[in-house]
Trainee: 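This is the structure I want to talk about, given as structure tokens.
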Amino acid sequence: MALISAGTELRYPARTALLMKGEPSSHVLLVLEGWVKVTDGSPGGHEALLALRGPGDVIGESAALEDTSRSASVTTLEPVRAVVISADRFKAYLDAHPTAARQLMAVVTDRMRAADRKRLELAACGVKERLARLLLELAQHHGEAVPEGVLVRVPLTQQELAGAVGSSRESVTRLLRELRERGYVTTHRQSLVVVKPEMLRRIGGSA
């Protein structure tokens, strides 16, 4: 891939800040291995989990293209291998590859639609519904089939799950316990398994 050769490959440990909200934009990142979280904080200290990004995803493209400061922070969830590309070289690459530019535009549009859907869910759904929908989304986009169900290896803490659904860690802990007791999911230290997606769809209102 030509974009890989436009930058420098680096490795980052787990739980390392890659981009910080408000900082000047000078580069983008192309993730090759590992997962990162995109977050935004509030004055009260609450961290909202906006999105997950993984292998093949470009991060920081909007700020680089618009010459603005970062609108969110990005932190590794596990060891990550990524290519760092300067904003100037990234723009030059897109100018020279119109197809890639159109593909990037489609990705940005999809991300905006996903953000809009999340805002609607926060306004219209309860925490239990939002958590069920989040687990289904993780299983659909980041899961792999195993005999028990669908395994999600993205290492999210309960605090991060709470940030994704706009709730407290205590509420999410209680709801996960309830889902485990009913046999809908199983949880492990660095992963979870969606055992009965049909029941989560029913809870989330999409049955």
Side-chain angles (χ1 to χ4, degrees), residues 14-15 31 33-42 46-59 71-80 103 106-207:
R15 303 292 165 176
V31 180
E33 293 179 2
W35 289 94
V36 305
K37 63 176 180 176
V38 183
T39 60
D40 192 7
S42 68
H46 174 74
E47 182 184 77
L49 177 61
L50 305 179
L52 300 173
R53 301 285 182 255
D57 283 330
V58 175
I59 304 169
S71 60
S73 297
V74 177
T75 306
T76 62
L77 292 171
E78 59 186 354
V80 164
Q103 291 173 340
V107 169
V108 171
T109 300
D110 286 344
R111 289 177 179 177
M112 291 176 63
R113 289 173 177 164
D116 288 340
R117 287 195 300 270
K118 187 166 185 176
R119 281 191 288 269
L120 287 173
E121 286 184 358
L122 286 173
C125 301
V127 176
K128 190 173 184 178
E129 292 171 290
R130 297 199 298 269
L131 180 60
R133 292 185 181 191
L134 173 64
L135 296 179
L136 285 170
E137 181 182 345
L138 290 172
Q140 179 181 351
H141 297 291
H142 312 296
E144 61 181 89
V146 295
E148 188 179 356
V150 181
L151 172 65
V152 179
R153 293 188 185 275
V154 181
L156 291 172
T157 65
Q158 292 186 357
Q159 184 64 56
E160 287 163 341
L161 290 174
V165 298
S167 183
S168 67
R169 183 181 61 81
E170 291 75 16
S171 293
V172 167
T173 299
R174 175 177 53 80
L175 289 171
L176 283 174
R177 184 186 308 117
E178 179 182 328
L179 294 175
R180 285 197 304 268
E181 290 172 351
R182 294 185 177 184
Y184 299 168
V185 302
T186 60
T187 58
H188 309 281
R189 185 171 179 273
Q190 293 290 324
S191 63
L192 64 86
V193 177
V194 175
V195 180
K196 296 183 178 180
E198 69 281 2
M199 301 308 297
L200 293 183
R201 281 192 289 270
R202 182 173 298 177
I203 293 172
S206 56

Trainee: If we only count heavy atoms from C-beta on, is the Val193 to His188 side-chain gap below 4.5 Å?
Mentor: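 Yes - at least one pair of side-chain heavy atoms lies under 4.5 Å apart.
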Trainee: Any sub-3.5 Å donor-acceptor pair from Glu181's side-chain atoms to Glu178's backbone N or O?
Mentor: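 No, Glu181 side chain to Glu178 backbone: no donor-acceptor pair under 3.5 Å.
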Trainee: Between the side chain of Thr76 and the main-chain N/O of Pro79, is any donor-acceptor distance below 3.5 Å?
Mentor: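 Pair absent, no side-chain N/O of Thr76 close to backbone of Pro79.
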Trainee: To the closest 0.5 Å, what do you measure between CD1 (Ile203) and CG (Leu131)?
Mentor: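 Output value for this atom pair is 8.5 Å.
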Trainee: Given side chains that start at C-beta, do those of Leu200 and Leu179 come closer than 4.5 Å, heavy atoms only?
Mentor: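 In contact.
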Trainee: In Å and rounded to the nearest 0.5 Å, what is the CD to CG distance from Gln158 to Leu176?
Mentor: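 It comes to 5.5 Å.
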Trainee: What are the two closest heavy atoms between Val31 and Gly54, and how far apart are they?
Mentor: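 Nearest pair, atom of Val31 first, then Gly54: CB-O, 3.4 Å.
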Trainee: Looking at Ala162 and Val172, what are the two nearest heavy atoms and their distance?
Mentor: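 Closest approach of Ala162 to Val172, heavy atoms only: CA-CG2, 3.6 Å.
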Trainee: Could you check whether any side-chain N or O of Lys118 sits under 3.5 Å from a backbone N or O of Ala164, counting only pairs where one atom can act as donor and the other as acceptor?
Mentor: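 Checked: pair present.
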Trainee: Do Pro55 and Trp35 make a side-chain contact, defined as non-hydrogen atoms from C-beta onward lying under 4.5 Å apart?
Mentor: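 They are in side-chain contact.
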Trainee: Taking C-beta and beyond as the side chain, do Lys37 and Glu47 meet within less than 4.5 Å on heavy atoms?
Mentor: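 Touching, per the 4.5 Å side-chain cut-off.
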Trainee: So, for Leu49 and Glu160, which heavy atoms are closest and what is the spacing to 0.1 Å?
Mentor: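 So the two residues come closest at CD2-O, 3.5 Å.
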Trainee: Could you give the distance from OG1 (Thr173) to CD (Gln159), rounded to the nearest 0.5 Å?
Mentor: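 So the OG1 of Thr173 and the CD of Gln159 are separated by 8.5 Å.
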Trainee: Here's a test for you: under side-chain hydrogen bond (donor to acceptor under 3.5 Å, both in side chains), which of His142, Glu78, Glu144, Gln190 qualifies with Arg153?
Mentor: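 Passing option: Glu144.
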Trainee: As an exercise, state the distance from CG of Leu151 to CG of Leu192, rounded to the nearest 0.5 Å.
Mentor: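 Answer for the CG-CG pair, Leu151 versus Leu192, is 8.0 Å.
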Trainee: Distance check, rounded to the nearest 0.5 Å: Leu175 atom CG versus Leu135 atom CG?
Mentor: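 That separation rounds to 10.0 Å.
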Trainee: Measure from the side-chain N and O atoms of Thr39 to the backbone N and O of Ala48, and report whether any donor-acceptor pair falls under 3.5 Å.
Mentor: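 Checking the backbone N and O of Ala48 against the side chain of Thr39, no donor-acceptor pair under 3.5 Å is found.
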Trainee: Any side-chain heavy atom of Thr109 sitting closer than 4.5 Å to one from Arg113?
Mentor: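 Heavy-atom side-chain distance check passes, below 4.5 Å.
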Trainee: To the nearest 0.5 Å, what is the distance between CZ on Arg53 and CZ on Arg111?
Mentor: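 Going from the CZ atom of Arg53 to the CZ atom of Arg111 covers 4.0 Å.
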Trainee: So do the side chains of Val185 and Arg180 get within less than 4.5 Å of each other, counting heavy atoms only?
Mentor: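 Contact flag for Val185/Arg180 side chains = yes.
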Trainee: Hey, is the main chain of Cys125 close enough, under 3.5 Å, to the side chain of Arg130 for a donor-acceptor pair?
Mentor: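 Pair found, side chain donor or acceptor close to backbone of Cys125.
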Trainee: Are Leu52 and His141 close enough that some pair of their side-chain heavy atoms sits under 4.5 Å apart?
Mentor: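 Answer no - side chains too far apart.
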Trainee: Kindly indicate whether the side chain of Asp57, heavy atoms from C-beta on, has any atom under 4.5 Å from the side chain of Val107.
Mentor: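 Side chain of Asp57 against side chain of Val107, heavy atoms only: no contact under 4.5 Å found.
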